[in-house]
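Just the heavy atoms: all of them, side chains too, but no hydrogens, waters or symmetry mates, feed the values below.
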Amino acid sequence: MNVTVEVAGEDTHELTVADDATYADLLGPLDLSPHEVSVLVEDRTVPTDQPVEADRVRVVRLIKGG
(Lines give C-alpha, C1' and ligand atoms only; values in the text may rest on other atoms or scores of the structure.)
Protein backbone atom coordinates (compact mmCIF):
# COMPACT_ATOMS: atom_id res chain seq x y z
CA MET A 1 0.00 0.00 0.00
CA ASN A 2 1.29 3.48 -0.87
CA VAL A 3 0.71 6.24 1.66
CA THR A 4 1.51 9.94 1.51
CA VAL A 5 2.61 11.19 4.92
CA GLU A 6 2.75 14.94 5.49
CA VAL A 7 4.69 16.03 8.56
CA ALA A 8 3.10 19.37 9.40
CA GLY A 9 5.46 22.28 8.78
CA GLU A 10 8.12 19.96 7.38
CA ASP A 11 8.24 17.49 4.50
CA THR A 12 5.87 15.17 2.68
CA HIS A 13 6.94 11.55 2.25
CA GLU A 14 5.72 8.78 -0.04
CA LEU A 15 5.88 5.43 1.80
CA THR A 16 5.11 1.88 0.76
CA VAL A 17 3.88 -0.27 3.65
CA ALA A 18 2.45 -3.75 4.10
CA ASP A 19 -1.31 -4.16 3.80
CA ASP A 20 -1.52 -4.92 7.53
CA ALA A 21 0.56 -1.90 8.62
CA THR A 22 -0.58 0.34 11.46
CA TYR A 23 -0.29 4.11 11.62
CA ALA A 24 2.66 3.63 14.03
CA ASP A 25 4.45 1.72 11.24
CA LEU A 26 4.38 4.91 9.16
CA LEU A 27 6.39 6.76 11.80
CA GLY A 28 9.48 4.51 12.00
CA PRO A 29 10.90 5.40 8.57
CA LEU A 30 10.51 9.09 9.51
CA ASP A 31 12.39 8.69 12.82
CA LEU A 32 9.29 9.73 14.75
CA SER A 33 7.84 8.13 17.86
CA PRO A 34 4.10 7.65 18.45
CA HIS A 35 4.70 9.37 21.81
CA GLU A 36 5.76 12.64 20.20
CA VAL A 37 3.15 13.04 17.44
CA SER A 38 -0.53 12.86 16.62
CA VAL A 39 -1.61 11.12 13.42
CA LEU A 40 -4.55 12.64 11.58
CA VAL A 41 -6.71 11.34 8.76
CA GLU A 42 -9.09 13.90 7.27
CA ASP A 43 -8.28 16.21 10.23
CA ARG A 44 -9.34 13.58 12.79
CA THR A 45 -6.88 11.96 15.19
CA VAL A 46 -6.50 8.20 14.74
CA PRO A 47 -4.95 5.68 17.18
CA THR A 48 -1.47 4.69 16.08
CA ASP A 49 -2.25 1.00 16.69
CA GLN A 50 -5.10 1.12 14.15
CA PRO A 51 -4.52 -0.43 10.70
CA VAL A 52 -3.79 2.07 7.95
CA GLU A 53 -6.96 2.68 5.96
CA ALA A 54 -6.08 5.98 4.28
CA ASP A 55 -3.69 6.81 1.49
CA ARG A 56 -2.99 10.31 2.88
CA VAL A 57 -2.00 11.01 6.49
CA ARG A 58 -0.92 14.14 8.35
CA VAL A 59 1.47 13.95 11.29
CA VAL A 60 1.65 16.79 13.83
CA ARG A 61 4.47 17.01 16.34
CA LEU A 62 3.33 17.53 19.94
CA ILE A 63 4.90 20.36 21.91
CA LYS A 64 6.27 19.62 25.37
CA GLY A 65 6.88 22.22 27.99
CA GLY A 66 8.82 22.19 31.17
Side-chain angles (χ1 to χ4, degrees):
M1 167 183 251
N2 295 323
V3 182
T4 301
V5 181
E6 174 197 351
V7 181
E10 298 180 29
D11 297 325
T12 299
H13 305 269
E14 299 292 330
L15 301 177
T16 301
V17 296
D19 290 337
D20 62 347
T22 64
Y23 289 103
D25 294 328
L26 299 175
L27 302 176
L30 306 177
D31 290 328
L32 296 172
S33 165
H35 302 289
E36 63 185 41
V37 300
S38 287
V39 179
L40 296 95
V41 174
E42 297 180 8
D43 294 325
R44 298 183 77 172
T45 304
V46 294
T48 55
D49 62 351
Q50 180 176 321
V52 176
E53 297 176 347
D55 60 358
R56 185 160 187 85
V57 173
R58 185 167 193 215
V59 176
V60 178
R61 289 183 187 262
L62 303 176
I63 298 174
K64 295 187 245 182

**Message:** Distance check, rounded to the nearest 0.5 Å: Glu42 atom CD versus Arg58 atom CZ?
**Reply:** 13.5 Å
**Request:** Check Arg56 against Thr4 and note the closest heavy-atom contact, atom names and distance.
**Result:** NH1-CG2, 2.8 Å
**Prompt:** Which pair of heavy atoms, one from Val59 and one from Leu32, lies closest together, and at what distance?
**Reply:** CG1-CD1, 4.0 Å
**Complete:** Val52 and Met1 have their tightest heavy-atom pair at CG1-SD, 3.7 Å
**Prompt:** Is there side-chain contact between Val39 and Leu26, with at least one heavy-atom pair below 4.5 Å?
**Reply:** no
**Prompt:** Do other residues, nucleotides or ligands put more than 12 heavy atoms under 6.0 Å from the CD atom of Glu10?
**Reply:** yes
**Message:** Give me the atom names and distance for the closest heavy-atom approach of Pro29 to Leu15.
**Reply:** CB-CD2, 4.3 Å
**Asked** Is any side-chain heavy atom of Leu62 less than 4.5 Å from a side-chain heavy atom of Glu36?
**Response** no
**Fill in**
Between Leu27 and Ser33 the two heavy atoms that sit nearest each other are CD1-C, 4.1 Å
**Asked** Do side-chain atoms of Tyr23 reach the backbone of Leu40 as a donor and acceptor pair under 3.5 angstrom?
**Response** no
**Prompt:** Between CG of Asp25 and CG of Asp20, what distance do you get to the nearest 0.5 Å?
**Reply:** 8.0 Å
**Request:** State, yes or no, whether a side-chain contact exists between Val57 and Val3 at a heavy-atom distance under 4.5 Å.
**Result:** yes
